[in-house]
Q: 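Just passing along the structure, written as structure tokens.
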Amino acid sequence: MDGGRMDGGHDHDGRLDPATEAFVAHRSLLFTVAYEMLGSAADAEDVLQETWMRWVGVELGEVRDQRAYLVRITTRQALTRLRTLGRRKESYVGPWLPEPLLTAPDVAEDVELAESVSMAMLLVLETLTPTERAVFVLREVFGLDYDEIAEAVDKSTVAVRQIAHRARAHVAARRPRGVTSPAESRDALAAFQRAVETGDLQGLFDILAPDVVLLSDGGGVVQALPHPVVGADKVARVMEAGLPRLGGQVSLAPVQVNGCPALIVRIDGEIDNVLAVRIDDGLVTGLYFVRNPEKLARVQRETPVSR
């Protein structure tokens with residue numbers, strides 16, 4: 001341990017000590033819990049450090065279920081941070097988007113996990129209160145029982161059941177309309193990429209849903225659209241006008257971001273933005289451009305997510 005960073009404790013044989021071993025075994029799960037609650041990998045990593053600092057002070061012999069205990073610590077730390085983040089987001093310049101993660105191809109095979117970390121779902125979760133978000137994530141994504149969740153969020157089991165019901169209804173009204181297979185998503189993204197690269201405005205219209213929404217996050221650091229753009233006609237014209245203005249040698253590379261097909265846009269070899277796409281019934285219903293350079297660190301290498 002150095003300055004609060006978790007470098008792993010070892011015993012005399014060079015093996016991890018039991019506390020470190022348990023933490024490492026569940027680290028990907030804990031990161032995913034924190035990330036789904038916060039929408040920020042940087043903040044999720046800070047929460048993991050805080051979780052570690054508390055975990056090493058726990059008497060392991062008294063812990064019945066290490067996974068549940070670690071999830072409880074992580075949830076409490078994430079809730080505290082989420083309330084702080086909410087205040088920070090109120091002064092954010094322009095639309096706020098989650099920090100994109102480059103994810104492994106097998107994440108898409110776990111449909112529920114992929115949906116839960118998708119940009120579209122994280123934006124839906126933003127509309128919940130912090131406690132609703134924690135309860136929804138722990139129950140619907142990670143399958144914790146109500147008693148465990150009650151301990152994590154410091155509420156009664158009865159209250160947690162009511163919160164879960166309310167959060168489920170809220171999310172159901174806003175979640176993606178139709179299930180789209182990974183193959184359909186890839187095909188739709190490829191058609192979108194072709195239309196953009198060739199300047200085929202009609203091809204772009206054909207792949208955009210009539211009520212498509214475009215959001216662009218520059219965080220006040222780089223230029224971005226200050227407000228959402230809604231409707232196929234407006235979005236297509238913004239796309240048509242925007243790409244030539246980027247200048248330089250532009251390349252679009254298909255990747256998987258947050259469990260879903262996406263594009264990394266490079267100018268002269270440097271990452272300019274990540275374009276995540278929401279696809280419903282074969283049409284693009286959401287375009288999420290993350291340009292804020294402070295949010296692009298996690299698209300250089302894969303981040304493990306699990307449940």
Side-chain angles (χ1 to χ4, degrees), residues 4 6 18-20 22-90 96 98-99 112-113 115-117 121-175 305-307:
M6 201 214 87
T20 307
F23 188 89
V24 169
H26 297 298
R27 192 187 193 289
S28 176
L29 161 77
L30 301 176
F31 172 84
T32 309
V33 169
Y35 176 73
E36 290 198 17
M37 284 182 60
L38 300 167
S40 161
D43 286 295
E45 290 290 357
D46 287 345
V47 163
L48 256 60
Q49 291 302 324
E50 291 158 5
T51 299
W52 166 252
M53 296 298 285
R54 281 158 179 75
W55 177 241
V56 291
V58 170
E59 184 57 58
L60 290 190
E62 296 174 10
V63 176
R64 183 174 49 83
D65 182 337
Q66 293 183 342
R67 176 183 184 267
Y69 198 101
L70 280 161
V71 167
R72 188 159 75 236
I73 301 174
T74 299
T75 301
R76 286 178 174 171
Q77 299 308 312
L79 269 173
T80 301
R81 190 163 285 255
L82 186 57
R83 292 179 178 120
T84 305
L85 278 180
R87 291 190 290 274
R88 222 189 294 164
K89 283 174 194 165
E90 287 169 14
W96 179 94
E99 184 178 351
E112 287 182 3
L113 176 63
E115 187 199 24
S116 74
V117 296
M121 180 56 77
L122 291 173
L123 285 172
V124 172
L125 295 182
E126 281 292 308
T127 62
L128 298 172
T129 67
T131 303
E132 284 174 342
R133 186 167 184 169
V135 169
F136 181 86
V137 166
L138 295 179
R139 179 65 185 169
E140 299 300 313
V141 182
F142 298 98
L144 269 65
D145 65 39
Y146 290 112
D147 292 339
E148 288 177 305
I149 299 171
E151 284 192 49
V153 299
D154 204 20
K155 301 274 185 192
S156 71
T157 303
V158 171
V160 163
R161 285 181 182 274
Q162 291 170 339
I163 293 166
H165 177 76
R166 193 165 64 238
R168 257 197 308 272
H170 184 95
V171 171
R174 293 162 178 80
R175 78 191 316 155
V305 294
S306 65
R307 63 190 181 107

Q: Looking only at heavy atoms, which two atoms of Leu60 and Ala19 are closest? And how far apart?
A: CD1-N, 3.5 Å
Q: When rounded to the nearest 0.5 angstrom, what is the spacing between CG in Asp147 and OG1 in Thr157?
A: 4.0 Å
Q: Is there a side-chain contact between Glu151 and Val71 (heavy atoms, below 4.5 Å)?
A: no
Q: Which heavy atom of Leu48 sits nearest to which heavy atom of Phe23, and what is that distance?
A: O-CZ, 3.6 Å
Q: Determine whether Thr129 and Ile163 make a side-chain contact, defined as any pair of heavy atoms from C-beta on separated by less than 4.5 Å.
A: no
Q: Measuring from Asp154:CG to Thr75:OG1, what's the distance to the nearest 0.5 Å?
A: 12.0 Å
Q: To the nearest 0.5 Å, what is the distance between CZ (Phe142) and CG (Leu30)?
A: 9.0 Å
Q: Any idea which heavy atoms bring Pro130 and Arg83 closest together, and the distance?
A: CG-CG, 4.0 Å
Q: Whether Arg72 engages the ring of Tyr69 as a cation-pi pair (distance to the six-membered ring centre under 6.0 angstrom, angle to the ring normal within 45°) should be assessed.
A: yes
Q: What distance do Trp52 atom CH2 and Arg27 atom CZ have between them, rounded to the nearest 0.5 Å?
A: 11.0 Å
Q: Measuring only between side-chain heavy atoms, which start at C-beta, is Leu113 closer than 4.5 Å to Thr32?
A: yes
Q: Looking at side-chain heavy atoms only, is the closest gap between Arg81 and Glu50 below 4.5 Å?
A: yes
Q: Flag the pair Leu123 / Pro98 as yes when at least one side-chain heavy-atom distance between them is below 4.5 Å, and no otherwise.
A: yes
Q: Rounded to the nearest 0.5 Å, how far apart are CG of Asp43 and CD of Gln77?
A: 12.5 Å
Q: At their closest point, which heavy atom of Tyr35 faces which heavy atom of Ala44, and how far apart are they?
A: N-CB, 3.7 Å
Q: Output yes when Arg168 and Glu132 qualify as a salt bridge under the 4.0 Å nitrogen-oxygen rule, no when they do not.
A: no
Q: If you look at every heavy atom in Leu38 and Ala78, which pair is closest and at what distance?
A: CD2-O, 3.6 Å
Q: What is the distance from atom OG of Ser116 to atom CE of Met121, rounded to the nearest 0.5 Å?
A: 7.5 Å
